[in-house]
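Structure, as C-alpha coordinates:
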Amino acid sequence: MLTKEGFQYADHLSHPIQIEIMDCTLRDGEQTNGVSFMPHEKLVIARMLLSEVHVDRIEVASARVSPGEKEAVSMICKFAESIGKLDRVEVLGFVDGEQSVDWIDDCGCKVINLLAKGSLRHCVKQLGKTPEEHIKDIQNVVDYATQKGISVNLYLEDWSSGMKDSPEYVIQMLDVLSKTQIRRFLLPDTLGLMNPLQCVDYVQKIVCRYPNVHFDFHGHNDYDLAVSNSFAAVLCGCKGLHVTVNGLGERCGNAPLASVQAILKDHLHFKTHIVESKLNKASLVVASYSGIAVAPNQPIVGENVFTQVAGIHADGDNKSNLYCNDLAPERFGRKREYALGKNSGKANIVKNLEEIGLVLTPSQTKRVTTRITELGDRKERVTLEDLPYIVSDVLKHDAPEDKVRLVNYMVNTSYGLKPMASVKVEINGLQYEADSTGDGQYDAFVRALRKIYKDHLQKTFPLLENYAVTIPPGGRTDALVQTVITWKGSDGRLIRTRGLDADQTESAIKATFKMLNIIEGS
(Lines give C-alpha, C1' and ligand atoms only; values in the text may rest on other atoms or scores of the structure.)
Protein backbone atom coordinates (compact mmCIF):
# COMPACT_ATOMS: atom_id res chain seq x y z
CA MET A 1 0.00 0.00 0.00
CA LEU A 2 1.45 3.36 -1.03
CA THR A 3 0.22 6.50 0.72
CA LYS A 4 0.29 9.96 -0.77
CA GLU A 5 3.56 10.54 1.11
CA GLY A 6 5.05 7.58 -0.73
CA PHE A 7 5.61 5.29 2.25
CA GLN A 8 4.32 1.78 2.91
CA TYR A 9 2.75 0.91 6.26
CA ALA A 10 1.73 -2.50 7.51
CA ASP A 11 0.84 -1.91 11.16
CA HIS A 12 -2.88 -1.52 10.63
CA LEU A 13 -3.37 -3.64 7.53
CA SER A 14 -5.35 -6.85 7.74
CA HIS A 15 -2.84 -8.32 5.28
CA PRO A 16 0.68 -7.10 6.10
CA ILE A 17 3.01 -6.36 3.20
CA GLN A 18 5.02 -9.35 1.99
CA ILE A 19 8.64 -8.72 1.01
CA GLU A 20 10.55 -11.07 -1.27
CA ILE A 21 14.02 -12.02 -0.06
CA MET A 22 16.57 -12.88 -2.73
CA ASP A 23 19.82 -14.31 -1.35
CA CYS A 24 22.88 -13.80 -3.54
CA THR A 25 25.52 -15.39 -1.27
CA LEU A 26 26.46 -17.84 -4.02
CA ARG A 27 26.97 -15.11 -6.62
CA ASP A 28 27.68 -11.68 -5.11
CA GLY A 29 28.86 -13.23 -1.84
CA GLU A 30 31.42 -15.28 -3.75
CA GLN A 31 32.92 -12.01 -4.99
CA THR A 32 34.31 -11.53 -1.49
CA ASN A 33 38.10 -11.45 -1.76
CA GLY A 34 39.46 -14.97 -1.25
CA VAL A 35 36.10 -16.77 -1.34
CA SER A 36 35.47 -19.54 -3.85
CA PHE A 37 32.85 -22.20 -3.18
CA MET A 38 33.22 -25.74 -4.53
CA PRO A 39 30.23 -27.05 -6.52
CA HIS A 40 29.15 -29.38 -3.70
CA GLU A 41 29.45 -26.52 -1.20
CA LYS A 42 27.21 -24.37 -3.37
CA LEU A 43 24.68 -27.19 -3.47
CA VAL A 44 24.70 -27.56 0.32
CA ILE A 45 24.18 -23.82 0.82
CA ALA A 46 21.46 -23.66 -1.85
CA ARG A 47 19.59 -26.61 -0.30
CA MET A 48 19.73 -24.96 3.11
CA LEU A 49 18.57 -21.56 1.85
CA LEU A 50 15.63 -22.96 -0.12
CA SER A 51 14.54 -25.84 2.14
CA GLU A 52 15.38 -24.62 5.66
CA VAL A 53 15.78 -20.84 5.70
CA HIS A 54 13.04 -20.45 3.07
CA VAL A 55 14.36 -17.46 1.15
CA ASP A 56 12.14 -16.69 -1.83
CA ARG A 57 14.88 -16.77 -4.46
CA ILE A 58 18.61 -17.50 -4.74
CA GLU A 59 21.10 -16.08 -7.20
CA VAL A 60 23.70 -18.80 -7.57
CA ALA A 61 26.30 -17.79 -10.17
CA SER A 62 27.40 -15.59 -13.04
CA ALA A 63 27.05 -17.05 -16.52
CA ARG A 64 30.05 -18.14 -18.58
CA VAL A 65 32.50 -18.08 -15.66
CA SER A 66 33.92 -21.62 -15.60
CA PRO A 67 33.08 -25.30 -16.11
CA GLY A 68 32.97 -25.70 -12.33
CA GLU A 69 30.40 -22.94 -12.09
CA LYS A 70 28.30 -24.61 -14.76
CA GLU A 71 28.45 -27.90 -12.85
CA ALA A 72 27.33 -26.14 -9.64
CA VAL A 73 24.39 -24.41 -11.34
CA SER A 74 23.28 -27.67 -12.97
CA MET A 75 23.39 -29.51 -9.61
CA ILE A 76 21.42 -26.76 -7.88
CA CYS A 77 18.81 -26.64 -10.64
CA LYS A 78 18.29 -30.41 -10.50
CA PHE A 79 17.74 -30.23 -6.75
CA ALA A 80 15.44 -27.20 -7.02
CA GLU A 81 13.38 -28.90 -9.70
CA SER A 82 13.00 -31.99 -7.50
CA ILE A 83 11.33 -29.88 -4.79
CA GLY A 84 9.29 -27.72 -7.17
CA LYS A 85 11.39 -24.57 -6.75
CA LEU A 86 13.30 -24.33 -10.03
CA ASP A 87 11.76 -20.91 -10.74
CA ARG A 88 13.49 -19.60 -7.58
CA VAL A 89 17.01 -20.24 -8.88
CA GLU A 90 18.53 -17.31 -10.77
CA VAL A 91 21.81 -16.69 -12.62
CA LEU A 92 23.43 -13.38 -13.49
CA GLY A 93 23.74 -12.96 -17.26
CA PHE A 94 25.07 -10.32 -19.60
CA VAL A 95 23.89 -8.32 -22.61
CA ASP A 96 25.93 -10.52 -24.95
CA GLY A 97 23.48 -11.64 -27.57
CA GLU A 98 22.64 -15.31 -27.12
CA GLN A 99 25.70 -16.45 -25.13
CA SER A 100 24.54 -15.98 -21.52
CA VAL A 101 21.03 -17.22 -22.27
CA ASP A 102 22.38 -20.39 -23.92
CA TRP A 103 24.78 -21.01 -21.01
CA ILE A 104 21.97 -20.65 -18.49
CA ASP A 105 19.63 -22.79 -20.58
CA ASP A 106 22.28 -25.56 -20.78
CA CYS A 107 22.37 -25.61 -16.97
CA GLY A 108 18.63 -26.20 -16.78
CA CYS A 109 18.03 -22.80 -15.16
CA LYS A 110 14.87 -20.86 -15.98
CA VAL A 111 15.65 -17.32 -14.74
CA ILE A 112 18.29 -14.84 -15.95
CA ASN A 113 19.14 -11.70 -14.01
CA LEU A 114 20.31 -9.59 -16.93
CA LEU A 115 23.03 -7.06 -16.10
CA ALA A 116 22.37 -3.76 -17.89
CA LYS A 117 23.72 -0.28 -17.31
CA GLY A 118 21.73 1.89 -14.90
CA SER A 119 23.75 5.09 -15.38
CA LEU A 120 24.56 7.09 -18.48
CA ARG A 121 28.23 7.17 -17.52
CA HIS A 122 28.47 3.36 -17.51
CA CYS A 123 26.53 3.10 -20.75
CA VAL A 124 28.66 5.58 -22.66
CA LYS A 125 32.10 5.11 -21.09
CA GLN A 126 32.10 1.34 -20.48
CA LEU A 127 30.00 0.11 -23.39
CA GLY A 128 30.71 2.98 -25.79
CA LYS A 129 27.06 2.99 -26.82
CA THR A 130 24.15 5.39 -26.89
CA PRO A 131 21.17 4.71 -24.62
CA GLU A 132 19.11 3.76 -27.65
CA GLU A 133 21.70 1.21 -28.78
CA HIS A 134 21.93 -0.31 -25.29
CA ILE A 135 18.13 -0.53 -24.96
CA LYS A 136 17.94 -2.31 -28.31
CA ASP A 137 20.62 -4.81 -27.26
CA ILE A 138 18.72 -5.51 -24.01
CA GLN A 139 15.46 -6.04 -25.89
CA ASN A 140 17.16 -8.56 -28.20
CA VAL A 141 18.39 -10.61 -25.20
CA VAL A 142 14.97 -10.41 -23.52
CA ASP A 143 13.25 -11.59 -26.69
CA TYR A 144 15.69 -14.49 -27.13
CA ALA A 145 15.39 -15.57 -23.45
CA THR A 146 11.61 -15.48 -23.71
CA GLN A 147 11.74 -17.71 -26.80
CA LYS A 148 13.85 -20.18 -24.80
CA GLY A 149 11.32 -20.21 -21.93
CA ILE A 150 13.62 -18.26 -19.58
CA SER A 151 12.22 -15.47 -17.40
CA VAL A 152 14.12 -12.19 -17.23
CA ASN A 153 14.83 -9.84 -14.35
CA LEU A 154 16.90 -6.75 -15.16
CA TYR A 155 19.72 -5.30 -13.05
CA LEU A 156 20.23 -1.57 -13.60
CA GLU A 157 23.91 -1.59 -12.62
CA ASP A 158 25.06 1.65 -10.94
CA TRP A 159 21.41 2.71 -10.60
CA SER A 160 22.08 4.93 -7.57
CA SER A 161 24.68 6.92 -9.51
CA GLY A 162 22.27 7.04 -12.42
CA MET A 163 19.54 8.58 -10.26
CA LYS A 164 22.04 11.07 -8.86
CA ASP A 165 23.79 12.13 -12.08
CA SER A 166 21.56 11.10 -15.00
CA PRO A 167 17.96 10.48 -13.86
CA GLU A 168 16.66 11.20 -17.36
CA TYR A 169 18.67 8.19 -18.60
CA VAL A 170 17.14 5.90 -15.94
CA ILE A 171 13.65 7.10 -16.87
CA GLN A 172 14.38 6.58 -20.57
CA MET A 173 15.43 2.99 -19.85
CA LEU A 174 12.41 2.22 -17.67
CA ASP A 175 9.89 3.93 -19.97
CA VAL A 176 10.82 1.48 -22.71
CA LEU A 177 11.78 -1.66 -20.81
CA SER A 178 8.88 -1.62 -18.34
CA LYS A 179 6.65 -2.44 -21.31
CA THR A 180 8.60 -5.63 -22.17
CA GLN A 181 8.43 -9.15 -20.70
CA ILE A 182 10.87 -8.25 -17.89
CA ARG A 183 9.40 -9.47 -14.58
CA ARG A 184 11.44 -7.51 -12.05
CA PHE A 185 13.73 -4.52 -12.12
CA LEU A 186 16.65 -4.80 -9.70
CA LEU A 187 17.98 -1.50 -8.33
CA PRO A 188 21.57 -1.81 -7.09
CA ASP A 189 23.54 0.71 -5.10
CA THR A 190 26.54 -0.77 -6.90
CA LEU A 191 29.16 1.49 -5.34
CA GLY A 192 27.54 1.62 -1.92
CA LEU A 193 27.40 5.40 -2.09
CA MET A 194 23.78 6.09 -1.14
CA ASN A 195 22.39 7.21 2.21
CA PRO A 196 18.82 6.45 3.38
CA LEU A 197 17.52 9.94 2.55
CA GLN A 198 18.73 9.60 -1.03
CA CYS A 199 17.29 6.10 -1.17
CA VAL A 200 13.88 7.41 -0.09
CA ASP A 201 14.04 10.12 -2.76
CA TYR A 202 15.18 7.86 -5.60
CA VAL A 203 12.88 4.92 -4.87
CA GLN A 204 9.83 7.15 -4.37
CA LYS A 205 10.39 8.77 -7.78
CA ILE A 206 10.69 5.38 -9.47
CA VAL A 207 7.80 3.66 -7.69
CA CYS A 208 5.42 6.60 -8.15
CA ARG A 209 6.16 6.71 -11.88
CA TYR A 210 5.84 2.93 -12.33
CA PRO A 211 3.38 1.78 -9.63
CA ASN A 212 2.68 -1.60 -11.23
CA VAL A 213 6.31 -2.62 -11.70
CA HIS A 214 8.09 -4.98 -9.27
CA PHE A 215 11.31 -3.38 -7.97
CA ASP A 216 14.03 -5.07 -5.86
CA PHE A 217 16.72 -3.17 -3.98
CA HIS A 218 20.31 -4.42 -3.85
CA GLY A 219 22.43 -2.69 -1.21
CA HIS A 220 26.21 -2.55 -0.75
CA ASN A 221 27.80 -1.69 2.56
CA ASP A 222 30.67 0.70 1.80
CA TYR A 223 29.31 3.31 4.24
CA ASP A 224 27.81 0.68 6.56
CA LEU A 225 24.37 1.73 5.29
CA ALA A 226 23.25 -1.35 3.35
CA VAL A 227 20.70 -2.34 6.00
CA SER A 228 19.48 1.24 6.48
CA ASN A 229 19.07 1.69 2.73
CA SER A 230 17.20 -1.63 2.52
CA PHE A 231 14.85 -0.32 5.23
CA ALA A 232 14.27 2.89 3.23
CA ALA A 233 13.78 1.01 -0.05
CA VAL A 234 10.95 -1.23 1.15
CA LEU A 235 9.41 1.64 3.09
CA CYS A 236 9.06 3.46 -0.22
CA GLY A 237 7.68 0.62 -2.30
CA CYS A 238 10.37 -1.88 -3.28
CA LYS A 239 8.84 -5.34 -3.14
CA GLY A 240 12.08 -7.31 -2.79
CA LEU A 241 15.46 -7.08 -1.09
CA HIS A 242 18.78 -8.70 -1.96
CA VAL A 243 20.92 -10.04 0.89
CA THR A 244 23.84 -12.36 1.60
CA VAL A 245 24.51 -14.63 4.55
CA ASN A 246 26.88 -12.86 6.98
CA GLY A 247 26.93 -9.82 4.66
CA LEU A 248 29.46 -11.39 2.30
CA GLY A 249 30.17 -9.49 -0.89
CA GLU A 250 32.65 -7.41 -2.83
CA ARG A 251 34.58 -4.73 -0.93
CA CYS A 252 32.56 -4.14 2.27
CA GLY A 253 29.89 -6.67 1.39
CA ASN A 254 26.11 -6.65 1.02
CA ALA A 255 23.16 -6.30 3.36
CA PRO A 256 23.27 -9.25 5.82
CA LEU A 257 20.29 -11.61 5.67
CA ALA A 258 19.80 -11.88 9.45
CA SER A 259 19.86 -8.12 10.04
CA VAL A 260 17.47 -7.39 7.19
CA GLN A 261 15.03 -10.02 8.45
CA ALA A 262 15.07 -8.53 11.95
CA ILE A 263 14.33 -4.95 10.82
CA LEU A 264 11.59 -6.05 8.44
CA LYS A 265 9.79 -7.95 11.18
CA ASP A 266 10.42 -5.78 14.23
CA HIS A 267 10.51 -2.25 12.85
CA LEU A 268 8.29 -2.38 9.78
CA HIS A 269 6.05 -5.33 10.68
CA PHE A 270 6.42 -6.62 7.12
CA LYS A 271 6.16 -10.33 6.40
CA THR A 272 8.73 -12.67 4.87
CA HIS A 273 8.95 -16.44 4.54
CA ILE A 274 12.25 -16.58 6.47
CA VAL A 275 12.56 -19.23 9.21
CA GLU A 276 14.49 -17.24 11.79
CA SER A 277 15.56 -20.24 13.86
CA LYS A 278 17.68 -21.43 10.91
CA LEU A 279 19.62 -18.17 10.42
CA ASN A 280 22.38 -19.04 12.85
CA LYS A 281 22.91 -22.44 11.22
CA ALA A 282 23.16 -20.78 7.80
CA SER A 283 25.68 -18.33 9.21
CA LEU A 284 27.87 -21.10 10.62
CA VAL A 285 27.79 -23.15 7.40
CA VAL A 286 28.66 -20.19 5.17
CA ALA A 287 31.41 -19.05 7.55
CA SER A 288 32.90 -22.54 7.43
CA TYR A 289 32.78 -22.89 3.64
CA SER A 290 33.88 -19.32 2.90
CA GLY A 291 36.66 -19.18 5.47
CA ILE A 292 35.41 -15.71 6.45
CA ALA A 293 34.82 -15.59 10.20
CA VAL A 294 31.79 -13.77 11.56
CA ALA A 295 32.68 -10.78 13.75
CA PRO A 296 31.79 -11.51 17.39
CA ASN A 297 29.61 -8.37 17.48
CA GLN A 298 27.81 -9.06 14.18
CA PRO A 299 24.08 -8.54 14.91
CA ILE A 300 21.98 -11.70 15.31
CA VAL A 301 24.70 -14.23 14.39
CA GLY A 302 27.82 -12.92 16.17
CA GLU A 303 29.20 -14.95 19.07
CA ASN A 304 28.83 -12.10 21.56
CA VAL A 305 25.46 -10.59 20.67
CA PHE A 306 23.47 -12.54 23.22
CA THR A 307 26.10 -12.35 25.95
CA GLN A 308 25.65 -9.94 28.85
CA VAL A 309 28.99 -8.83 30.32
CA ALA A 310 28.05 -6.24 32.95
CA GLY A 311 26.76 -7.68 36.19
CA ILE A 312 24.09 -4.97 36.41
CA HIS A 313 22.58 -6.33 33.19
CA ALA A 314 22.29 -9.83 34.59
CA ASP A 315 20.69 -8.36 37.70
CA GLY A 316 18.21 -6.46 35.51
CA ASP A 317 17.37 -9.60 33.57
CA ASN A 318 16.48 -11.25 36.88
CA LYS A 319 14.09 -8.38 37.51
CA SER A 320 11.54 -8.50 34.67
CA ASN A 321 14.11 -8.81 31.82
CA LEU A 322 15.01 -5.14 32.07
CA TYR A 323 17.96 -5.45 29.66
CA CYS A 324 16.28 -7.60 26.99
CA ASN A 325 14.81 -6.45 23.68
CA ASP A 326 12.77 -8.07 20.92
CA LEU A 327 15.86 -9.84 19.60
CA ALA A 328 15.36 -12.82 21.89
CA PRO A 329 18.11 -15.39 21.31
CA GLU A 330 15.62 -18.28 21.32
CA ARG A 331 13.99 -16.72 18.28
CA PHE A 332 17.19 -17.38 16.31
CA GLY A 333 17.95 -20.81 17.75
CA ARG A 334 20.37 -19.45 20.34
CA LYS A 335 20.39 -18.71 24.06
CA ARG A 336 21.42 -15.82 26.29
CA GLU A 337 24.74 -16.14 28.10
CA TYR A 338 26.36 -14.19 30.92
CA ALA A 339 30.06 -13.55 30.53
CA LEU A 340 32.51 -14.33 33.29
CA GLY A 341 35.28 -11.78 33.80
CA LYS A 342 36.30 -8.67 35.67
CA ASN A 343 32.93 -6.97 34.98
CA SER A 344 30.96 -9.93 36.31
CA GLY A 345 28.81 -9.09 39.27
CA LYS A 346 27.12 -11.51 41.61
CA ALA A 347 24.11 -11.77 39.29
CA ASN A 348 26.30 -12.94 36.38
CA ILE A 349 27.88 -15.60 38.56
CA VAL A 350 24.52 -16.79 39.87
CA LYS A 351 23.15 -17.07 36.31
CA ASN A 352 26.10 -19.25 35.28
CA LEU A 353 25.93 -21.35 38.43
CA GLU A 354 22.26 -22.00 37.68
CA GLU A 355 23.23 -23.07 34.15
CA ILE A 356 25.45 -25.88 35.52
CA GLY A 357 23.17 -26.73 38.44
CA LEU A 358 25.33 -25.42 41.30
CA VAL A 359 23.82 -23.65 44.31
CA LEU A 360 26.18 -21.73 46.61
CA THR A 361 25.67 -19.72 49.75
CA PRO A 362 25.97 -15.91 49.47
CA SER A 363 29.40 -16.10 51.12
CA GLN A 364 30.62 -18.75 48.70
CA THR A 365 29.24 -16.84 45.72
CA LYS A 366 31.12 -13.73 46.85
CA ARG A 367 34.41 -15.65 47.02
CA VAL A 368 33.91 -17.14 43.57
CA THR A 369 33.04 -13.69 42.18
CA THR A 370 36.25 -12.26 43.63
CA ARG A 371 38.35 -15.01 42.02
CA ILE A 372 36.72 -14.54 38.60
CA THR A 373 37.31 -10.78 38.82
CA GLU A 374 40.99 -11.45 39.57
CA LEU A 375 41.25 -13.73 36.55
CA GLY A 376 39.57 -11.08 34.40
CA ASP A 377 42.09 -8.46 35.53
CA ARG A 378 44.83 -10.72 34.18
CA LYS A 379 42.92 -10.82 30.86
CA GLU A 380 42.26 -14.54 31.23
CA ARG A 381 39.12 -15.86 29.56
CA VAL A 382 36.75 -17.65 31.87
CA THR A 383 34.20 -19.99 30.31
CA LEU A 384 31.13 -21.69 31.69
CA GLU A 385 33.01 -24.99 31.59
CA ASP A 386 35.81 -23.48 33.72
CA LEU A 387 33.36 -22.52 36.45
CA PRO A 388 33.18 -25.88 38.30
CA TYR A 389 36.98 -25.97 38.51
CA ILE A 390 37.10 -22.41 39.84
CA VAL A 391 34.43 -23.22 42.40
CA SER A 392 36.32 -26.32 43.55
CA ASP A 393 39.59 -24.41 43.77
CA VAL A 394 38.11 -21.46 45.66
CA LEU A 395 35.99 -23.36 48.14
CA LYS A 396 38.58 -26.08 48.84
CA HIS A 397 35.80 -28.52 49.68
CA ASP A 398 36.25 -32.27 49.52
CA ALA A 399 35.22 -32.62 45.93
CA PRO A 400 36.01 -35.96 44.29
CA GLU A 401 38.96 -36.05 41.91
CA ASP A 402 38.43 -36.07 38.18
CA LYS A 403 36.65 -39.21 37.01
CA VAL A 404 38.73 -39.24 33.84
CA ARG A 405 42.46 -38.86 34.39
CA LEU A 406 45.42 -39.04 32.03
CA VAL A 407 47.95 -41.49 33.47
CA ASN A 408 50.57 -41.10 30.75
CA TYR A 409 50.90 -40.76 27.02
CA MET A 410 53.47 -40.64 24.26
CA VAL A 411 53.15 -39.06 20.84
CA ASN A 412 55.81 -39.06 18.16
CA THR A 413 56.16 -37.87 14.61
CA SER A 414 58.69 -38.70 11.90
CA TYR A 415 59.27 -37.38 8.41
CA GLY A 416 57.27 -39.42 5.91
CA LEU A 417 55.38 -41.38 8.57
CA LYS A 418 52.06 -40.78 10.26
CA PRO A 419 52.24 -39.57 13.88
CA MET A 420 51.52 -42.25 16.49
CA ALA A 421 50.14 -42.00 20.03
CA SER A 422 50.13 -44.39 22.99
CA VAL A 423 47.66 -43.42 25.70
CA LYS A 424 46.88 -44.71 29.19
CA VAL A 425 43.90 -43.24 31.02
CA GLU A 426 42.05 -43.90 34.25
CA ILE A 427 38.25 -43.76 34.07
CA ASN A 428 36.26 -44.22 37.24
CA GLY A 429 39.21 -45.97 38.89
CA LEU A 430 40.01 -48.39 36.06
CA GLN A 431 42.94 -47.99 33.69
CA TYR A 432 42.85 -48.51 29.93
CA GLU A 433 45.46 -48.31 27.17
CA ALA A 434 45.34 -47.90 23.40
CA ASP A 435 47.59 -46.99 20.46
CA SER A 436 46.71 -45.27 17.21
CA THR A 437 48.06 -43.30 14.28
CA GLY A 438 46.58 -40.10 12.91
CA ASP A 439 47.01 -37.16 10.58
CA GLY A 440 48.64 -35.15 13.37
CA GLN A 441 49.81 -35.68 16.94
CA TYR A 442 46.52 -34.58 18.46
CA ASP A 443 44.52 -36.55 15.89
CA ALA A 444 46.48 -39.69 16.81
CA PHE A 445 45.86 -39.00 20.52
CA VAL A 446 42.09 -38.59 20.03
CA ARG A 447 41.90 -41.72 17.86
CA ALA A 448 43.52 -43.71 20.70
CA LEU A 449 40.94 -42.30 23.14
CA ARG A 450 38.13 -43.20 20.75
CA LYS A 451 39.40 -46.80 20.74
CA ILE A 452 39.26 -46.93 24.52
CA TYR A 453 35.72 -45.56 24.62
CA LYS A 454 34.51 -47.85 21.85
CA ASP A 455 36.33 -51.10 22.66
CA HIS A 456 36.44 -51.02 26.45
CA LEU A 457 33.53 -48.81 27.51
CA GLN A 458 31.11 -49.28 24.59
CA LYS A 459 30.51 -45.52 24.65
CA THR A 460 30.32 -42.96 21.86
CA PHE A 461 33.18 -40.46 21.98
CA PRO A 462 31.95 -36.86 21.39
CA LEU A 463 32.44 -35.32 17.95
CA LEU A 464 34.85 -32.43 17.52
CA GLU A 465 32.83 -29.52 16.08
CA ASN A 466 35.38 -26.70 16.12
CA TYR A 467 39.05 -26.26 17.04
CA ALA A 468 40.66 -22.84 17.51
CA VAL A 469 44.21 -22.00 18.59
CA THR A 470 45.42 -18.58 19.69
CA ILE A 471 48.72 -17.24 21.03
CA PRO A 472 49.59 -13.80 22.40
CA PRO A 473 50.96 -11.29 19.84
CA GLY A 474 54.71 -11.07 19.44
CA GLY A 475 55.48 -14.47 17.98
CA ARG A 476 57.64 -15.74 20.87
CA THR A 477 58.39 -19.46 20.57
CA ASP A 478 57.74 -19.95 24.29
CA ALA A 479 54.35 -18.23 24.22
CA LEU A 480 51.42 -19.92 25.89
CA VAL A 481 48.98 -21.55 23.50
CA GLN A 482 45.25 -21.41 24.16
CA THR A 483 43.19 -24.12 22.49
CA VAL A 484 39.41 -23.81 22.51
CA ILE A 485 37.54 -26.90 21.34
CA THR A 486 33.81 -27.28 20.77
CA TRP A 487 32.43 -30.79 21.14
CA LYS A 488 29.05 -32.32 20.34
CA GLY A 489 27.87 -35.07 22.67
CA SER A 490 25.68 -38.02 21.76
CA ASP A 491 22.71 -36.08 23.18
CA GLY A 492 23.37 -33.18 20.83
CA ARG A 493 24.70 -30.93 23.59
CA LEU A 494 27.54 -28.59 22.63
CA ILE A 495 30.42 -28.31 25.11
CA ARG A 496 33.23 -25.79 24.71
CA THR A 497 36.42 -26.34 26.71
CA ARG A 498 39.75 -24.54 26.91
CA GLY A 499 43.30 -25.69 27.51
CA LEU A 500 46.33 -23.51 28.17
CA ASP A 501 49.93 -24.68 27.80
CA ALA A 502 53.22 -23.81 26.13
CA ASP A 503 52.74 -26.88 23.91
CA GLN A 504 49.86 -26.86 21.44
CA THR A 505 49.19 -30.60 21.66
CA GLU A 506 49.28 -30.47 25.46
CA SER A 507 46.84 -27.55 25.56
CA ALA A 508 44.45 -29.47 23.28
CA ILE A 509 44.74 -32.56 25.51
CA LYS A 510 43.90 -30.46 28.59
CA ALA A 511 40.79 -29.14 26.83
CA THR A 512 39.86 -32.72 25.88
CA PHE A 513 40.03 -34.02 29.45
CA LYS A 514 37.99 -31.08 30.73
CA MET A 515 35.30 -32.13 28.29
CA LEU A 516 35.43 -35.80 29.30
CA ASN A 517 35.10 -34.93 32.99
CA ILE A 518 32.11 -32.68 32.24
CA ILE A 519 30.41 -35.58 30.45
CA GLU A 520 31.28 -38.17 33.09
CA GLY A 521 30.09 -35.86 35.83
CA SER A 522 26.75 -35.05 34.22
Side-chain angles (χ1 to χ4, degrees), residues 20-31 36-51 55-118 127 129 133-157 173 176-186 188 213-216 218 240 242 244:
E20 275 190 2
I21 300 296
M22 195 271 270
D23 185 282
C24 47
T25 303
L26 299 177
R27 199 277 299 173
D28 219 356
E30 198 177 29
Q31 291 179 197
S36 179
F37 297 117
M38 300 288 290
H40 74 275
E41 293 173 338
K42 282 200 165 192
L43 177 61
V44 169
I45 294 171
R47 288 173 66 103
M48 181 176 54
L49 290 171
L50 288 175
S51 299
V55 298
D56 296 286
R57 297 145 49 206
I58 54 173
E59 188 177 55
V60 299
S62 297
R64 301 169 49 207
V65 169
S66 69
E69 198 80 329
K70 195 168 190 177
E71 178 189 358
V73 176
S74 298
M75 290 166 59
I76 292 169
C77 288
K78 286 179 182 177
F79 161 72
E81 188 173 26
S82 73
I83 62 170
K85 294 184 177 181
L86 181 57
D87 61 337
R88 302 188 182 195
V89 178
E90 304 172 5
V91 172
L92 181 77
F94 308 97
V95 183
D96 54 10
E98 301 177 355
Q99 294 182 71
S100 287
V101 173
D102 286 342
W103 192 95
I104 291 168
D105 187 51
D106 286 344
C107 295
C109 185
K110 294 300 180 184
V111 183
I112 181 173
N113 290 341
L114 188 60
L115 188 68
K117 299 303 178 183
L127 298 182
K129 295 192 175 186
E133 289 172 330
H134 187 38
I135 290 171
K136 183 178 179 181
D137 290 342
I138 294 169
Q139 287 178 305
N140 289 337
V141 176
V142 172
D143 290 340
Y144 182 66
T146 303
Q147 291 171 20
K148 302 279 282 188
I150 294 175
S151 298
V152 181
N153 302 320
L154 187 76
Y155 270 112
L156 293 174
E157 185 184 18
M173 293 277 285
V176 176
L177 296 173
S178 63
K179 297 180 177 67
T180 67
Q181 302 95 325
I182 294 170
R183 294 179 59 189
R184 300 178 183 89
F185 287 84
L186 319 177
V213 173
H214 179 117
F215 292 105
D216 281 2
H218 179 105
H242 295 189
T244 60

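What you are looking at is a predicted structure, and each value in this text was computed from that prediction instead of being measured. We use all heavy atoms of the structure for the numbers below, so side chains are in, but hydrogens, waters and symmetry mates are not.
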### Query
Are Arg57 and Asp23 ion-paired here, with the side-chain N under 4.0 Å from a carboxylate O?
no

### Message
Does any part of the side chain of Lys148, heavy atoms only, come nearer than 4.5 Å to the side chain of Asp102, both counted from C-beta?
### Response
yes

### Heavy-atom side-chain contact between Val101 and Asp96 under 4.5 Å
no

### Task
For residues His214 and Phe185, determine if any side-chain heavy atom of one lies less than 4.5 Å from a side-chain heavy atom of the other.
no

### Task
With rounding to the nearest 0.5 Å, note down the distance linking CZ in Arg183 to CG in Asp216.
11.0 Å

#### Entry: Distance-minimising heavy-atom pair for Lys117 and Leu156
O-CD2, 4.4 Å

### Query
Between Ile112 and Ser100, what is the shortest heavy-atom contact and its length?
CD1-CB, 4.3 Å

## Note on the structure
Note: Leu114 and Val95 closest approach over all heavy atoms is CD1-N, 3.8 Å

### Message
Please give me the minimum heavy-atom distance between Ile104 and Gly93, naming the atom from each residue.
### Response
CD1-CA, 4.5 Å

### Query
At what distance, to the nearest 0.5 angstrom, does CG of Leu43 lie from OG of Ser74?
11.5 Å

#### Entry: Results of side-chain contact (heavy atoms from CB on, under 4.5 Å) for Asp143 - residues two or more places apart only
Gln181

### Message
Any non-hydrogen side-chain atom of Asn153 less than 4.5 Å from a side-chain atom of Ile182?
### Response
no

### Summary
To the nearest 0.5 Å, atom CD1 of Ile83 lies from atom CZ of Arg47 at 8.0 Å

## Note on the structure
Here the gap from Arg27 atom CZ to Asn113 atom CG, rounded to the nearest 0.5 Å, amounts to 8.0 Å

### Message
Within the structure provided, determine whether Glu69 and Trp103 are in side-chain contact (heavy-atom separation under 4.5 Å).
### Response
yes

#### Entry: Nearest-0.5 Å distance, CG of residue Leu49 to OG1 of residue Thr244
10.5 Å

#### Entry: Glu41: salt bridge (charged side-chain N to carboxylate O under 4.0 Å, His left out) partners, not counting sequence neighbours
none

#### Entry: Nearest-0.5 Å distance that lies between atom CG in Leu50 and atom CD1 in Ile45
12.0 Å

#### Entry: Nearest heavy-atom neighbours spanning Arg88 and Asp56
CD-O, 3.0 Å

### Task
Could you pull out the closest heavy-atom pair between Val176 and Thr180, with the gap in Å?
O-CG2, 3.8 Å

### Task
Please examine the side chains of Glu90 and Lys110, heavy atoms only from C-beta on, and report whether any two atoms are closer than 4.5 Å.
no

### Message
So Met173 and Ile135, do their side chains get closer than 4.5 Å, heavy atoms only?
### Response
yes

#### Entry: Counterpart residues, ring-ring contact (aromatic ring centres under 6.0 Å, His included), relative to Tyr155 (two or more places apart)
His218, His242

### Query
Hey, are Arg184 and Glu20 close enough for a salt bridge, meaning a charged N less than 4.0 Å from a carboxylate O?
yes

